[in-house]
Amino acid sequence: MSADELKEYLATAIELAKEVGPAFKDGFWRKGRFSNTSDFAAEDKLGNEADCVTAVDRYIEKTIFARLRQIYPDHKLVGEESTAESGNGYVITDDPTWIVDPVDGTNNFVHHFPYTGISIGLAIGKEPVVGVIYLPILDELYTAARGLGAFVNDQKLPLIQSPALTSPTSLSQCALVSEHGSDRSLKTMQSRLGSFTRLLTDKQYGGGCLQNLRITGGACPDLTLVAKGSAELYWECGPHVWDFAAGVVILLESGGAVFDGAGWWGTDIPEDERVPKPLNIWNRKIVAVRYIPDLPGNPGSGRELQRQLVKELLEIVEDIDYTPDGVQ
Ligand code: LIP
């Protein structure tokens, strides 16, 4: 795939995100075509009221898919609303596949909490290659394509640059973004909160003594915060491919790295050290770590420090297995 093709796909994703921005804002503020508040009654998807879908989710996904079908009739489409409703039973192929979350952070959206946005990713040969996340209420448009860098509102990521951007060597120098998720079974809640407790607890009691733990309410805002340099790490088990697809491209292109539950991935990590190949965005687990500069005096290269932080995190948290998305 040429750089020109990638640029064209990126331009399409940006255009579509901007096109549905006004509907997103109307929905968020319950205005215009979404002034009817019954459109926001929580419809649960998991058998509990914590996993919502709204009329705006459906409208935005339908609009984006209709345009994509028009422009690229041969491309495959995977979207949170249509795919989740048909039971996630789609087949993952090497074909260009657009992966869309019309409203990521839906619970935030319902509660007027601004960390919510539209996510449009494109995978080719199962690898995520284009990512656009638009957070309309924060007025932040994140864009990235493989090999072409990552940007927020045209400013290159990471936004926070060295020397302000430090080179942490342990979790006790890090901020982590994570989520409590919408799977509210007692077992899952105990597991997640147990992991949070151990991460935060002082080292003298065997914990990681993490500096900050923040829950924004969405994988997309979480990944953009790490890409920007406002948090060192994002860890979560349970989200779906539409929550990750665009965000991982933005994160990787900002110099970050990703562990997908089985292997390690970063744009300049040698091929033989990447396991599995390609990065598995359908695996429903992720650790993302921000760009760490190579600085003289650091106990290792930026890439080594990234691995060290992820290793420390994975030794503390409890892994939760979910059935992967799609059928490989
Ligand atoms: C959300 C994810 C988040 C996860 C939530 C939910 P949604 O996506 O962004 O990471 O913890 O359970 O899946 O449903 O708001 O698009």
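For ligands, and for the atoms within them, numbers begin at 1 and follow the listed sequence. Quantities reported herein were computed from a predicted structural model and do not represent experimental measurements.
- Linking Ile, Leu, Val, Met, Phe, Trp and Tyr residues whenever their side-chain heavy atoms come within less than 4.5 Å leaves Ile92 and Tyr322 in two separate clusters.
- The neighbour count for Lys311 NZ, taken as heavy atoms of other residues, nucleotides or ligands under 6.0 Å away, does not exceed 12.
- A salt bridge is absent between Arg284 and Asp243; no separation between the charged side-chain nitrogens and carboxylate oxygens falls under 4.0 Å.
- Within the listing of ligand 1, atoms 9 (O) sit less than 4.0 angstrom from a heavy atom of Gly218.
- Some N or O of Gly105 is nearer than 3.5 Å to an N or O of ligand 1, by distance alone.
- The distance from ligand 1 to the heavy atoms of Ala219 drops below 4.0 Å at these ligand atoms: 2 (C), 3 (C), 9 (O), 10 (O).
- At a heavy-atom distance under 4.0 Å, atoms from both the backbone and the side chain of Ser182 approach ligand 1.
- Connection of Val317 to Met189 is not established within any shared hydrophobic cluster, with ILVMFWY side chains joined at heavy-atom distances below 4.5 Å, either directly or through further cluster members.
- Heavy atoms of Glu80 found under 4.0 angstrom from ligand 1 belong exclusively to the side chain.
- Within the structure, ligand 1 has Val103 among the residues with a heavy atom less than 4.0 angstrom away.
- In this structure, the ring of Phe24 has its center no less than 6.0 angstrom from the ring center of Tyr134.
- Distances between N or O atoms of Pro239 and those of ligand 1 include no value under 3.5 Å.
- Residue Asp101 has at least one heavy-atom neighbour below 4.0 Å for each of these atoms of ligand 1: 16 (O).
- In terms of polar-atom proximity, Glu179 is not counted as a contact of ligand 1, lacking any N or O under 3.5 Å from an N or O of the ligand.
- Set against the non-hydrogen atoms of Gly181, the atoms of ligand 1 under 4.0 Å away are 11 (O), 12 (O).
- Between the side chains of Asp183 and Thr188, at least one donor N or O lies within less than 3.5 Å of an accepting N or O.
- Of all the heavy atoms of Asp104, the ones lying under 4.0 Å from any atom of ligand 1 are found in both the backbone and the side chain.
- Within 6.0 Å of NZ on Lys31 lie no more than 12 heavy atoms contributed by other residues, nucleotides or ligands.
- Within the 4.5 Å cutoff, the side chain of Tyr90 has no heavy atoms near those of the Thr97 side chain.
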Step-by-step salt bridge (Lys or Arg N to Asp or Glu O under 4.0 Å) determination, Asp294 to Arg303: CA-CA 8 Å; Asp294 289 323; Arg303 287 299 187 196; over 6 Å; no

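- Ligand 1 has no N or O atom lying under 3.5 Å from any N or O atom of Asn107, backbone or side chain.
- Of all the heavy atoms of His240, none lies under 4.0 Å from any atom of ligand 1, so neither backbone nor side chain is involved.
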